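Some notes on the structure that comes next.
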There are 2 protein chains.
Amino acid sequence: MTSLHQRIFEDIEQKIMSGVWPPGQRIPAEHELEVTYGCSRMTVSKALSALAARGMIVRRRRAGSFVASPQMDRTVMDISDIGTEAKVAGHAYGHRILSRRIERLGTAEAAAIGEAAGAEVARVECLHIVDARPNALEKRLILLDAVPQARDETFEASPPGSWLLDQVPWSEAKHIIRAVSADAATAKLLTIERHAACLLLTRQTWQNGRTVTFVEITHPGDRYQFAGVFHPSK
Amino acid sequence: MTSLHQRIFEDIEQKIMSGVWPPGQRIPAEHELEVTYGCSRMTVSKALSALAARGMIVRRRRAGSFVASPQMDRTVMDISDIGTEAKVAGHAYGHRILSRRIERLGTAEAAAIGEAAGAEVARVECLHIVDARPNALEKRLILLDAVPQARDETFEASPPGSWLLDQVPWSEAKHIIRAVSADAATAKLLTIERHAACLLLTRQTWQNGRTVTFVEITHPGDRYQFAGVFHPSK
DNA sequence: CCTGTCTATTTGTATAGTCAAAATGCGGGA
DNA sequence: TCCCGCATTTTGACTATACAAATAGACAGG
């Protein structure tokens, strides 16, 4: 007994999530949807407004409604540099690909991310540098089944995260934040002391129930933090 | 040039946030608001639906609309025990008040939280215990100006966080998550090794622009994590 | 070609109703 | 007294309509 505006909402959501309507795609005008669903404009409008409120579409007068760009590979909270909080603008950002190769998932790792062993993946390690200091070490798996274009991508032009945004439409994601002690290799790359506390962000992204990418990002704990303001009305 | 339904939304939001309408308070029925604002029911309904969508009110047929209970002192993400993730139910929870005293804010601390030095605060330290193991150390400041009832509260019955939920209506909050190494005192209380990585959650809560409480919660990094699933449609 | 204007399209806001579903709390019956 | 059923209130869903605001794209003028 779902209501009509809810059905329209879910219908369009599904089209966006499955990639049938990619980011930037124009959504039929309210008038057209009113015909396809055989209802009044108010009902269509309610569904579209809800989608807009959730950030899945962007609406512009006269132009129409468009599928928004996904934010699947963005952290839930902002990552900020503890030392230079005020300095918002003027960050010099860069990245360095440490390694990149195509391989097949081992059984242990496959089980950990809930995919079949033997699946082909691109394994990428990338160091993120802000203002000449390393601020994150990224270890990523990209399932070639879901993103075949990743096979021949070097990620030199744009880091894997941003690159994926342009390839995969919409998805769901799970974030986990842990505190860990840096191992020797990580400490060296991030130029911090061994055993220093680090923030470890793990994110797994799915589309249609299948894993797209799995990434671990390690931040130096003494320099970076996750922050977010939440007035209940937002 | 704000629209009418938006004005109604903000008007009611303000009443809730400022505490004029405390949690559980019944909101005038749509029909009554339609009279007070001199508009149609649809317009009122739109505003109330938006408030309901944001979790600020709960609506029930025939009964009416009610101000929801605040979630101001809840973490944005769930805190879960890494070792026993499956075991959702059946946690034995307890807490122990380590210290509690009334004092005045020093200049350094006052500056850090953006309040005037010399303001009276209750300073509470509390250890949270889940399944016989300490899982969090809480260091909290409560501004007596905002919550005078805290002066004579022992927090033995319920920990400061839950206690505050019943005292302060609605508020805004800022969360910060850091990774830190445990100092000697913290390590001993949490029964972990010195310098072990810990998750440090800092939360500051305001009401009407004035700080209500400021809290630092330290979790053992090897046993606890923050996790959240985010399908963009939620 | 470039620039300013005009128009038609599309979303935003609002009204005024109808019918449906839920559930509270009352009154009547055992 | 207690319990059950029903009437009434209140929210939920939807229609049909109206006008306002923005602006993309066509068109005219320099």
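Computed from a predicted model, the values in this text were never measured in an experiment. Note on naming: letters A, B, ... go to the chains in the order of the sequence lines (proteins, then strands), and numbering restarts at 1 for each one.
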Does the B:E32 side chain pair with the main chain of B:A29, one donor and one acceptor, at a distance under 3.5 Å?
yes

Need two values: the first and the last nucleotide of DNA chain C, 5' to 3', having an atom under 4.0 Å from any heavy-atom of chain B.
C:dT13 to C:dT24

Is any side-chain heavy atom of A:F226 closer than 4.5 Å to one of A:L199?
yes

If the threshold is 4.0 Å, N to carboxylate O, is there a salt bridge linking B:R100 and B:E153?
no

Any side-chain heavy atom of B:P22 within less than 4.5 Å of one from B:V67?
no

Option among A:Q204, A:R140, A:K139 that satisfies the side chain to side chain contact (heavy atoms under 4.5 Å, CB included) test with A:V215:
A:R140

Protein-nucleotides 11-14 of chain D N/O pairs under 3.5 Å:
residue, atom, partner, partner atom, Å
D:dT11, OP2, B:E30, N, 3.1
D:dT11, O2, B:R61, NE, 3.2
D:dG12, OP2, B:R59, NE, 3.3
D:dG12, OP2, B:R59, NH1, 2.4
D:dG12, O4', B:R61, NE, 3.2
D:dG12, O4', B:R61, NH2, 2.7
D:dG12, N7, B:R41, NH2, 2.5
D:dG12, O6, B:R41, NH1, 3.2
D:dC14, OP1, A:L4, N, 2.6
D:dC14, OP2, A:L4, N, 3.4
D:dC14, OP2, A:H5, N, 3.3
D:dC14, OP2, A:H5, ND1, 3.0

Do B:E30 and B:R59 sit within salt-bridge range, that is, some charged N less than 4.0 Å from a carboxylate O?
yes

Distance in Å, A:H219 NE2 paired with A:N135 CG, rounded so as to fall on 0.5 Å steps:
6.0 Å

